[in-house]
Every structure is written in C-alpha cells, then in structure tokens.
A.B. asks: 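Just passing along the structure, written as structure tokens.
Letters go in sequence order (proteins before strands), and every chain restarts at 1. Small disclaimer: the values here were computed from a predicted structure and weren't measured.
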Amino acid sequence: MRTSWADAVENVATGSFDNAGISGGTERQSAPTKPAYVPPHLRNRTPASEPPAPSLGGPPSGNDRSGYGGPTSGSRWAGSRPDFGRQGYGGGGRGGGGWGGRGGWGGRDREVNPFGNDDVETDAERVFNEQENTGINFDAYEDIPVETSGDNVPPPVNTFADIDLGDALNLNIRRCKYVKPTPVQRHAIPISLAGRDLMACAQTGSGKTAAFCFPIISGIMRGQFPQRPRGVRTVFPLALILSPTRELSMQIHEEARKFAYQTGVKVVVAYGGAPINQQLRELERGVDILVATPGRLVDLLERAKVSLQMIRYLALDEADRMLDMGFEPQIRKIVEQMDMTPRGERQTMLFSATFPKEIQRMASDFLSNYIFLAVGRVGSSTDLIVQRVEFVHDSDKRSYLMDLLHAQKANGAQGKQSLTLVFVETKKGADSLEHWLCLNGFPATTIHGDRTQQERELALRSFKSGNTPILVATDVAARGLDIPHVSHVINFDLPNDIDDYVHRIGRTGRAGKSGLATAFFNENNTSMARPLADLMKESNQEVPDWLTRFASRSSYGGKSRRGGGRFGARDFRRDSSYNRSGGGGDYYGGGSSAGYSGGYGGGYNPGAASAWD
DNA sequence: AAAAAAG
C-alpha cells in the first residue's frame, strides 16, 4: 500500500483532494492581476535562471489550486521537483543582494540573530550535546504507538535529511541542535509537505511547534504565490498560526523565528494587552507567517490591517481549546466569516495533546480530506511524570502546600534550578495564594488573566530565570508553555476537566526530563475521581485506594475514555456512531477515497491493528 | 462556575 514518497505525493496531487464541498458556497472576490510572487530564495536571481512558474493571473486562490494540483506544474507539492531551493541560499549569510520581491525593502534592516551565537556546533559537540539536548530515548521510538487514518497517508521519515526542507531550514535545525525528528515530527512533516490537512494529537512537550512550522516555512520558501499588494495599509500573510494565550503565541513566535532565520520568511506576532501600534509597525514591514491570539487578530481584521485572503497555511495550536465553547465563535469568525482562503485551497493543521470527539467533529468543518494522526509518548502515556494525589480539605491546602515546598527546599539536590508551578482555579485565588506564600517567605509570583500583560510577562520571566521559583497560575499557563526545569506541578485546585489536568501536568517532564505532579483532591472533586483514577492507571501510576473508592462511587458523566491510554484521542471518524450518519462523504472527498470505505483509512496498516485496538 | 481572548 505504501510505496514511495513520490508516489504518495503523486496520489495526493492527482486525485484525492476534496474540492467538492468548496466550490459551491464560497465565492471569492477576484483580486486584480498581479505579477508573480517571487519566493525569497529566488529574489536575487536573474529571471533566466528561474524555474518555469505556473501561470498565475486570476484570483489567487483558484489558480494556485491548479498550480499544486497539476502533476506537470513543477509546483511545491508535486513529485517533480526542480532544484530551485536547494542552492543559492545555503552558505550561511544570504548575501546582500537587493530583493526585488517586496516593496520598500531596499534598506532592509539586518535580521536579528535569534540564536545566542551563530556557530553551528562541530560534530564532536553534537555528539556531546545529543543526549543533553534531546534527553529522549530515541531507541524507544520504534515502540511508540502511532495511529493514522485518512486517505493515502504519506509514510513517516526517520531523519530530517530524508525530507527536503531546504538548506537554510536545515541549517537552523542544526542550530537548534535538533538531531532527529521526534515521533510527531516524523509523521506530521511528510503529511504536511504532501499538502494534506492534518489533525494531530501528540503528547505535551513532543515537538509539535516544529512539526507545523517546518512545513510552513519550507512551503513558503518554495512556493509560487501571487504578488501581494503593496502600498496599501493591509498586509497579506501566507500563513496564520493561532494559539489560545498570549504567552504561547509569544513562545511560538520565538521558536518560529529561529526556524525561519535567514530563510527570508518573515514571522510576526500579534496579541492583546500590548500596544497595537508596535505590532502594526512590525506587520507593515512585511509578514509571511502571522502568529496571533484570536482577539487581537479579529481586531486587526476589522480594522482591515490584515487580510486573510492569501492564507495558504492555517495552524491551530492547542486546537481543542481553540474550539471549545469560549473560543469557538471567534475562531469560526476568523476561519469562515472573514476573507480567509477556504478549506481545500489552504492547508489546515490542527495540533493538540488532547482531542475530544465533539471537538473533532467541529474541527472537521475547517478541514478537507484530512489525515488524523495520534502519536503516543515514549513508553506509556505521561511515563516521565510521577503523579500523586493527596486527599486534602480546602482548609488544609495551604499548610499541605507549605509542607511540599519545604520538602522541596530541603531536598535541595535539584537546587536553585528547580521550579514549582502551582495551579489554582481562580484569578482571585491565585492572587491570594501568592500573597500568602510571599508573607511566609516563599519567593512566589503569579500569572493570570487579571494581571496586566506586562505583569504576566514579568512573572513568567522571573519564574523561568529562577528568580521566583514558585509560580501560582490559573489555566492561562496550563497549555503549551515550555518552561525548562519545572520539576513539580502542584494542582492546588484540581481542574474540572481531565484534559486540563493532562495539559497542566505536561508543564513538567518535558524534553525527556522526569517530573513530579501532585494533586490535592477532596469531596469537591468527586467528578474527577473516575477520569483521574483511569488516567493514572493508564500511565502506570499508583492509585490510592481511597481514590478508587471515590471513582467507583461517582456516576460517570464525563467524556469517554481515551484510546487505551496511549493517545490523547483517536479519530472520531472511526467511531461507529459517526459513520452511520452519511455525512462522511464530507470528509473523504466525495468518493475519491475508496480506501476508507471499510471504516479505516487507506494508509492504515491492518497488520499493526493489535498494537492499539 | 471559571478561565482565556479586544479595549
């Protein structure tokens, strides 16, 4: 079934795109004819040396589609790849030449080096650093449970060298000291490079950001895009990355800037709570990839500072959160009611560690003939995190907390570097606990949505640096934040959703490091007893007897169990209750997907079913 | 019921 890379790509190019659901309802305004977009790596070349560009001329979306659908076009998706992109931007500095492509860039400022120093390490250093930097037992990767479903799933790769990401990006990968792709990267990158939509479920701390950034950057470097209008005050990013919190957007931006360094791909971030004028100035200097939180983006769209009509890539990080009750209307507005390129004509990638079925169903509105990917963690789920639950009445929580913090301090072995993240339920509770900790001589700070953005960022910096090694946080810090050296996550108040718990404890045990998670449980948390006990059992944790008793007593109103504990979720399309609806044709390209008719995706390998069924 | 996200 799986053949070669090129075949897989070819299959995608020649048939299985779902175009059916799109052509009807979506009418897009024709943009005026524009000169062809010059990709960054070609900007200082003479026309004679350029590869034949697909003819562009009509509406940007329509003909770009034919551009990557056509097998002979030599487009960025197709199997036939001209060698542009492989040379001319390799040797470190990308040389001075004035770029013709973008207006007003003649005196373009020098790109700030996002890496501490620009040296690419020697091989000896690389070997030395390999374990320290990855910390992951790569030998165990063979055992990692992986589930894919959907049509013609491209096969995974084993090394970055197996994928042609381009010299500039490869150099940045080395600068980041990434040696091997993580499991989610091994699977997700080929899928994205093949132009497919993707719903990816992978554990916290498993390299998801790079998994969606690499294909986006690579695609923009190679892509042929219509020239974006200049001289207007509206900017036209090619890629949009949305995340649920400002700090996470900042973090993604910082990472993406490293990956995009010296590729000519410009990454800009926009989020609320910060002066908009500075962000506007950044935008006006040019943007290929926009990283944003929903509120600020809607603001920018309504002011017509940003247009989404040239978006080719849409990525939602923490996608399940983005589509939950609070966020969903805003996301729907951005994706469906503004001028966003319709699904099928853009590439959409959804990533999260958890993916409830109801959210998957909603998310499929944004996707076209997508591949579902679930990648487990090395070993069993959350193997690297030791989870403890203690029964603590609300009135005793503070003194219990103090005991834990004293013990941590006395332990000392982890030293100054050891950080403790304390989650509470409410903003008020966060302030009050921080105040109390400080009164009692514990160096604590707090982050939550009632603090100013400046205070939030200061708190996070102070925590990261070890200056205040205790951070009291609401769920604003539950997802995605990569904070090295968090050795202990304390759920002072348990969340009401097991998925939130999973994300919270995922702030420790990152990048192969071990971590400890302690939860305070009492009679107010009975609804969490069952899912918590199940989760702990699945991750080989010791479940206290009293919790088991609570679990068996509690009626079960929560969400159904995750697939065997190896994954955050499984493809809802494989759930029989969704297959009889007949709406399935929506997702599988209106019959072009013979491989799926049995209920399993064409790329699914039946021989391995016993591993997770 | 709370948290996040615009000002």
A.B. asks: To the nearest angstrom, how far is A:Arg332 atom CZ from B:dA5 atom P?
C.D. replies: 21 Å

A.B. asks: Quick one: which of B:dA5, B:dA1, B:dA2 gets closest to the side chain of A:Thr293?
C.D. replies: B:dA5

A.B. asks: Scan A:Arg246 against the nucleic acid and name what it touches under 4.0 Å (heavy atoms): base, sugar-phosphate only, or nothing.
C.D. replies: sugar-phosphate

A.B. asks: Give one of base, sugar-phosphate or nothing for A:Arg456, where a contact means two heavy atoms less than 4.0 Å apart.
C.D. replies: sugar-phosphate

A.B. asks: Which is true for A:Glu425 with a 4.0 Å heavy-atom rule: it touches a base, it touches only sugar-phosphate, or it touches nothing?
C.D. replies: sugar-phosphate

A.B. asks: Starting from P on B:dA4, measure out to CG on A:Leu460 and report it in whole angstrom.
C.D. replies: 14 Å

A.B. asks: Please report the distance, rounded to the nearest Å, between CG in A:Asp493 and P in B:dA3.
C.D. replies: 11 Å

A.B. asks: Taking only N and O in the side chain of A:Thr474, is any of them less than 4.0 Å away from OP1 or OP2 of B:dA2?
C.D. replies: no

A.B. asks: Between A:Asp431 and A:Lys428, is there a side-chain N and carboxylate O pair less than 4.0 Å apart?
C.D. replies: no

A.B. asks: Salt-bridged, A:Asp288 to A:Arg228, with N to O below 4.0 Å?
C.D. replies: yes

A.B. asks: Rounding to a whole Å, what distance do you find between A:Arg479:CZ and B:dA2:P?
C.D. replies: 20 Å

A.B. asks: Does a side-chain N or O of A:Lys427 approach OP1 or OP2 of B:dA4 to a distance below 4.0 Å, or not?
C.D. replies: yes

A.B. asks: Looking for any heavy atom pair under 4.0 Å, which part of the strands does A:Asp500 touch: base, sugar-phosphate only, or nothing?
C.D. replies: nothing

A.B. asks: Once you round it to whole Å, what is the distance between C1' of B:dA3 and NE2 of A:His503?
C.D. replies: 14 Å

A.B. asks: Would you call A:Asp324-A:Arg321 a salt bridge at under 4.0 Å N-O?
C.D. replies: yes

A.B. asks: Tell me what A:Gly272 touches on the nucleic acid: a base, only sugar-phosphate, or nothing, going by heavy atoms under 4.0 Å.
C.D. replies: sugar-phosphate

A.B. asks: What I want to find out is whether A:Lys333 reaches A:Glu302 closely enough, with some N-O distance under 4.0 Å, to be called a salt bridge.
C.D. replies: yes

A.B. asks: I need the CG-P distance between A:Asp450 and B:dA4, as an integer number of Å.
C.D. replies: 7 Å

